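Structure record follows, encoded as structure tokens.
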Amino acid sequence: MLGLPRGEVFLVPWTSEWEKEFLVEKRQIENIIGQHTVAIHHIGSTSVARLSAKPIIDIAIEIKTFEYGLACVSGLKTLGYQYRGTAVLPERHYFNKGEPRTHQIHMYESGNKYLVEQLQFRDYLINNETARIEYGKLKQELSQMNKHDKHQYAEDKSSFVMSILNSINK
């Protein structure tokens, strides 16, 4: 299953289909804006095997300079993405696709600290089963408590995420 209706928060069990969906999307993005990209990463919980997630494919696109983000807007629109600007989330161009939402793009300048943290956290969960299980339980609990508040759901996960990042970056 892929797609999260506006205003809802729920998790579904991990599926290998998410990785396939990411790879299809990555190829399409490369064909359209590849000249501006350094790398395209699968991020978020759908990128971590055996971790339940909101059914949205999160994609981080690393671009050479932040200004290249605007040059990518029209191309990504041809793939069905809506440009939401740079004020939605810090230091990134943000795009989403679908209603219900199926994909999100977080576009960062190469080396951006938020991009680095996204990749570090993803890799930590991939390589640490105990943390992945603990995070999965927390997400399940929080999704039940915040069924209609994605911002509170995200905020409530932040202390867990920060504790992992702090342990990595000691």
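Only this structure's heavy atoms are used, side chains among them; waters, hydrogens and symmetry mates stay out. In this text, all values refer to a predicted model and were calculated from it rather than measured experimentally. Along the sequence shown, residues are numbered consecutively beginning with 1.
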Y135-F121 aromatic ring centre distance below 6.0 Å: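 Distance test on ring centres: under 6.0 Å, yes.
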Please round to the nearest 0.5 Å and tell me the distance separating atom [atom1] of [X] and atom [atom2] of [Y].
X	Y	atom1	atom2	value
I43	E117	CD1	CD	12.0 Å
S47	L119	OG	CG	9.0 Å
L76	I33	CG	CD1	4.5 Å
Y124	L165	OH	CG	10.5 Å
E30	Q35	CD	CD	11.5 Å

So among R122, H106, Q118, which one has a side-chain hydrogen bond (donor to acceptor under 3.5 Å, both in side chains) with D58?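 Among R122, H106, Q118, the one meeting side-chain hydrogen bond (donor to acceptor under 3.5 Å, both in side chains) with D58 is H106.
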Evaluate the side-chain proximity of [Y] to [X]: yes if any heavy-atom separation is below 4.5 Å, no if none is.
X	Y	result
Y108	I61	no
Q104	F95	no
M107	C72	yes
I29	I105	yes
I32	Q28	no
Y114	P90	yes
F66	T86	yes
S45	W14	no

Flag yes if [X] and [Y] sit in one hydrophobic cluster, no otherwise; membership is Ile, Leu, Val, Met, Phe, Trp, Tyr, and two members link when side-chain heavy atoms are under 4.5 Å apart.
X	Y	answer
I40	I63	yes
I57	L4	yes
V24	I59	no
L51	L11	yes
Y153	V12	no

[X] to [Y] - nearest heavy-atom pair and separation:
X	Y	answer
P55	W18	CA-CZ2, 4.3 Å
P100	G3	CB-C, 3.9 Å
I164	A131	CD1-CB, 4.5 Å

Please answer whether the main-chain N or O of [Y] pairs with a side-chain N or O of [X] as donor and acceptor at a distance below 3.5 Å.
X	Y	result
T15	E17	yes
E99	R6	yes
N146	L142	yes

For the residue pair [X] and [Y], confirm or rule out a side-chain donor-acceptor distance under 3.5 Å.
X	Y	answer
S110	E62	yes
H103	Y81	no
R84	N96	yes
N169	Q120	yes

With ring pair (Phe, Tyr, Trp, His ring centres under 6.0 Å) as the rule and sequence neighbours excluded, what pairs involving residues 24-62 come up?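 Every pair satisfying ring pair (Phe, Tyr, Trp, His ring centres under 6.0 Å) with a residue in residues 24-62: F22-H42, H36-Y68.
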May I ask you to decide whether K113 forms a salt bridge with E91, counting only side-chain N to carboxylate O separations under 4.0 Å?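 Result for this pair is no, no salt bridge flagged.
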Taking salt bridge (charged side-chain N to carboxylate O under 4.0 Å, His left out) as the definition, give me every residue that meets it alongside K26, ordered by chain and number, with sequence neighbours left out.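 Salt bridge (charged side-chain N to carboxylate O under 4.0 Å, His left out) list for K26, sorted by chain: empty.
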Going through the distances and angles, do E25 and K97 end up as a salt bridge (charged side-chain N to carboxylate O under 4.0 Å, His left out)? CA-CA 11 Å; E25 203 71 12; K97 179 179 182 175; 2.8 Å; yes
Please list all pairs passing the salt bridge (charged side-chain N to carboxylate O under 4.0 Å, His left out) test where one or both residues lie in residues 131-150, with sequence neighbours left out. E129-R132
